[in-house]
Amino acid sequence: MAASMAGTCRYVSLHGSFILQRRTRLYLTLKSKFHCTSPAHNGLLFTLNKRGILKNSFPEDAAQDRLPRLLQSGAQTVYCGFDPTADSLHVGNLLAIIGLLHFRSAGHHVLAVLGGATAQIGDPSGKTSERERMSAEVVEENTRSIRESIQRIFTNHEVHFQDNSKKLGTLTVLNNLHWYKDWSVVGFLSEAGRHLRMGTMLSRHSVQTRLKSPDGMSLTEFTYQMFQAYDFHHLNQLYGCKIQLGGSDQLGNLMSGHEYIHKVSGEEVYGLTLPLVTSTVGDKLGKTAGNAVWLNRNKTSPFELYQFLVRQPDAIVKHYLKLFTFLPLAEVERVMEQQREDPEKRLAHKRLAAEVTKLVHGKEGLESAKRCTNALYHSSVQALEEMSDEELQELFREAPFHELLLEPGTTVVDACRSINAIPEGPRGYQMVLAGAVSINHMCADKPEQVLIPKLHILSNGLSLLKVGKKNFYIIKWLSL
């Protein structure tokens with residue numbers, strides 16, 4: 001939500017330079033201190049750190065002693081925010097959800113906070129220009145969609161991955177618009193603004209970057225960190241929340257929340273950052289980067305998610321198995337050993353794809369992804385027959401979908417011409433004769449061949465017609 005960790009640590013303002021320099025030195029030693037901490041050695045934080053899910057902690061000595069002891073003292077409440085700036089989260093957000101799932105599995109209570117208010121402000125972190133303004137109606141619809149997605153993933157985790165011998169913590173999904181909608185501008189600034197200092201806010205890396213850019217930074221974006229700081233305070237007061245999760249670019253906002261709460265109530269709270277998920281070339285996997293893989297089926301199908309993971313480079317698959325799955329680390333090592341013994345089978349990639357697809361889309365989503373894979377890459381007629389209309393349209397997103405009345409005597413060339421798959425006249429007829437047309441993965445080079453059920457028309461009433469190498473058409477046959 002704001003300010004990259006590295007930039008925040010590097011930048012030293014004239015205001016409080018000693019404090020920032022001191023924090024920089026301490027951040028560099030957090031990992032080594034964490035590993036030496038006896039209370040945490042077999043605890044949740046130690047496990048998350050070994051998996052690579054945790055990047056840093058705030059304040060400086062949180063990972064040393066106090067936070068591990070707090071987590072061991074009883075169930076705590078942890079929150080992470082998600083701004084509904086689109087109608088779906090993407091794979092870049094998945095690690096934050098997985099972080100919450102790990103805390104919930106350990107018996108802690110988790111809050112997923114949807115930014116119905118803050119999405120209308122706009123987080124400047126990592127952005128070179130201001131977001132386009134979103135209407136309240138769009139934000140509301142996005143919030144509804146993302147709420148359903150988060151609840152689906154948590155349900156899938158509970159059904160397919162949770163150890164039944166462990167007591168789960170609770171999940172609460174909130175919308176921060178609910179506690180901002182009745183505030184007046186004067187009232188909110190009077191309440192929240194007095195607890196934050198301009199020098200500190202200006203020192204954030206996200207702010208400095210934007211101030212130096214040609215377009216500068218609007219007052220609206222500048223206030224974003226104040227809203228997120230108040231969110232933490234509000235959740236701390238109402239839910240006893242003492243821990244906030246966020247991407248490593250959120251450290252500045254986590255620090256603001258800590259400072260706000262410390263000034264208002266003196267209570268000790270903590271921030272934990274997660275590494276940003278990047279592509280093989282180092283780009284952040286987010287919708288702004290233009291390479292998003294979405295978590296909602298209507299934007300990225302289970303098949304597309306599965307294939308995205310199967311195609312990951314060998315060098316990164318072990319890292320992703322530790323980040324995105326709940327496999328014990330010993331099992332990860334075993335899978336990687338199998339991969340080394342027979343690299344061509346890509347067993348580690350397939351395990352990664354299966355685990356993540358099942359988490360995001362459930363068991364049926366994983367089965368759908370496998371059916372689509374068999375239908376497309378293994379020319380499986382059986383897989384085609386088992387596919388639903390929705391799956392076929394997901395698999396061939398660019399393929400036109402037609403519903404045709406199946407009349408007696410309909411031929412191959414009739415079917416092709418009915419959907420404009422071939423040109424009219426002799427040229428189209430010759431294309432069929434030349435073998436340019438296939439139906440359900442089988443060459444259909446006899447133009448006058450009457451369509452045969454279970455051969456040209458599958459038992460699910462569908463036909464997959466291909467002309468040339470890349471032009472697909474889906475036909476749903478309607479009976480007379």
Side-chain angles (χ1 to χ4, degrees), residues 1-3 5 8 16 19-20 22-23 26-27 30 33-34 37 39-40 43-45 48 54 56-81 96 99-100 103-104 106-113 115 117-118 169-172 174 176 178-180 183 187-197 199-201 203-204 223-246 250-274:
M1 289 173 160
M5 186 271 309
T8 302
I19 294 173
L20 287 174
R22 178 171 173 266
R23 285 175 182 163
L26 286 164
Y27 283 139
L30 271 177
K33 287 183 177 181
F34 180 80
T37 305
L44 175 61
L45 296 183
L48 295 180
L54 291 186
N56 273 300
S57 306
F58 185 84
E60 297 89 347
D61 59 351
Q64 254 188 295
D65 183 63
R66 286 179 291 163
L67 184 52
R69 291 186 186 279
L70 175 67
L71 291 171
Q72 291 180 345
S73 69
Q76 301 301 317
T77 300
V78 184
Y79 108 87
C80 186
L100 290 179
F103 273 94
R104 189 185 185 217
H108 302 292
H109 308 303
V110 300
L111 308 174
V113 179
T118 44
T170 59
L171 163 68
T172 306
L174 303 169
N176 65 10
H178 293 162
W179 56 84
Y180 287 118
W183 275 103
F188 179 69
L189 285 175
S190 177
E191 172 67 27
R194 68 181 66 251
H195 300 297
L196 297 170
R197 291 292 172 263
T200 305
M201 294 175 72
S203 74
R204 306 300 186 208
T223 63
Y224 186 91
Q225 57 183 300
M226 178 170 66
F227 282 90
Q228 189 169 334
Y230 184 82
D231 282 349
F232 200 177
H233 166 68
H234 177 85
L235 298 171
N236 175 255
Q237 294 296 301
L238 266 66
Y239 296 91
C241 179
K242 295 183 179 180
I243 304 168
Q244 180 181 177
L245 294 183
Q250 295 297 299
L251 184 61
N253 289 337
L254 270 64
M255 292 166 67
S256 294
H258 175 273
E259 292 163 4
Y260 186 102
I261 292 170
H262 188 71
K263 287 180 180 178
V264 172
S265 65
E267 189 166 357
E268 193 63 70
V269 295
Y270 306 92
L272 293 171
T273 65
L274 314 169

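Residues take their numbers from the sequence shown, with the count starting at 1.
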Side-chain donor-acceptor pair present, His109, Thr77, cut-off under 3.5 Å:
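The answer is no; no qualifying pair exists.
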
Side-chain H-bond candidate by donor/acceptor type, Asp231 with Thr118, under 3.5 Å:
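No, no side-chain donor-acceptor contact under 3.5 Å.
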
Looking only at heavy atoms, which two atoms of [X] and [Y] are closest? And how far apart?
X      : Y      : result
Leu100 : Leu111 : CD1-O, 4.2 Å
Gly107 : Ala75  : O-CB, 3.4 Å
Leu245 : Ala96  : CD1-O, 4.4 Å
Pro59  : Glu268 : CG-OE2, 3.8 Å
Leu71  : Gln76  : CD2-CG, 4.1 Å
Ser256 : Gln225 : OG-OE1, 3.2 Å

Quick one: ring-ring contact (aromatic ring centres under 6.0 Å, His included) partners of Phe227, sequence neighbours excluded?
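Partners of Phe227 under the ring-ring contact (aromatic ring centres under 6.0 Å, His included) test: Tyr180, Phe188.
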
Derivation and outcome, side-chain contact (heavy atoms from CB on, under 4.5 Å), residues Lys242 and Ile261:
CA-CA 10 Å; Lys242 295 183 179 180; Ile261 292 170; over 6 Å; no

For Leu67 and Ile243, run side-chain contact (heavy atoms from CB on, under 4.5 Å): C-alpha distance rounded to whole Å, both residues' side-chain angles, the deciding distance at 0.1 Å, then the answer.
CA-CA 9 Å; Leu67 184 52; Ile243 304 168; 3.7 Å; yes

How long is the straight-line distance from [atom2] of [Y] back to [atom1] of [X], given to the nearest 0.5 Å?
X      : Y      : atom1 : atom2 : result
Phe58  : Leu254 : CZ    : CG    : 8.5 Å
Trp183 : Leu189 : CH2   : CG    : 10.0 Å
His262 : Met255 : NE2   : CE    : 13.5 Å
Gln244 : Asn236 : CD    : CG    : 11.0 Å

So Tyr79 and Leu174, do their side chains get closer than 4.5 Å, heavy atoms only?
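No, too far: nothing below the 4.5 Å cut-off.
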
Tell me every residue that passes side chain to side chain contact (heavy atoms under 4.5 Å, CB included) with His234, counting only those two or more places apart in sequence or in another chain.
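Partners of His234 under the side chain to side chain contact (heavy atoms under 4.5 Å, CB included) test: Trp179, Tyr230, Leu238.
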
Is there a side-chain contact (heavy atoms from CB on, under 4.5 Å) between Leu272 and Val78? Walk through the geometry before answering.
CA-CA 10 Å; Leu272 293 171; Val78 184; over 6 Å; no

Could you walk me through whether Phe232 and Cys241 satisfy the side-chain contact (heavy atoms from CB on, under 4.5 Å) test, starting with their C-alpha distance in whole Å, then the side-chain angles of each, then the deciding distance to 0.1 Å, before giving a yes or no?
CA-CA 8 Å; Phe232 200 177; Cys241 179; 4.1 Å; yes

Those residues that, when tested against Gln237, pass side-chain hydrogen bond (donor to acceptor under 3.5 Å, both in side chains) (two or more places apart)
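Once residues adjacent in sequence are excluded, Gln237 has no partner under the side-chain hydrogen bond (donor to acceptor under 3.5 Å, both in side chains) criterion.
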
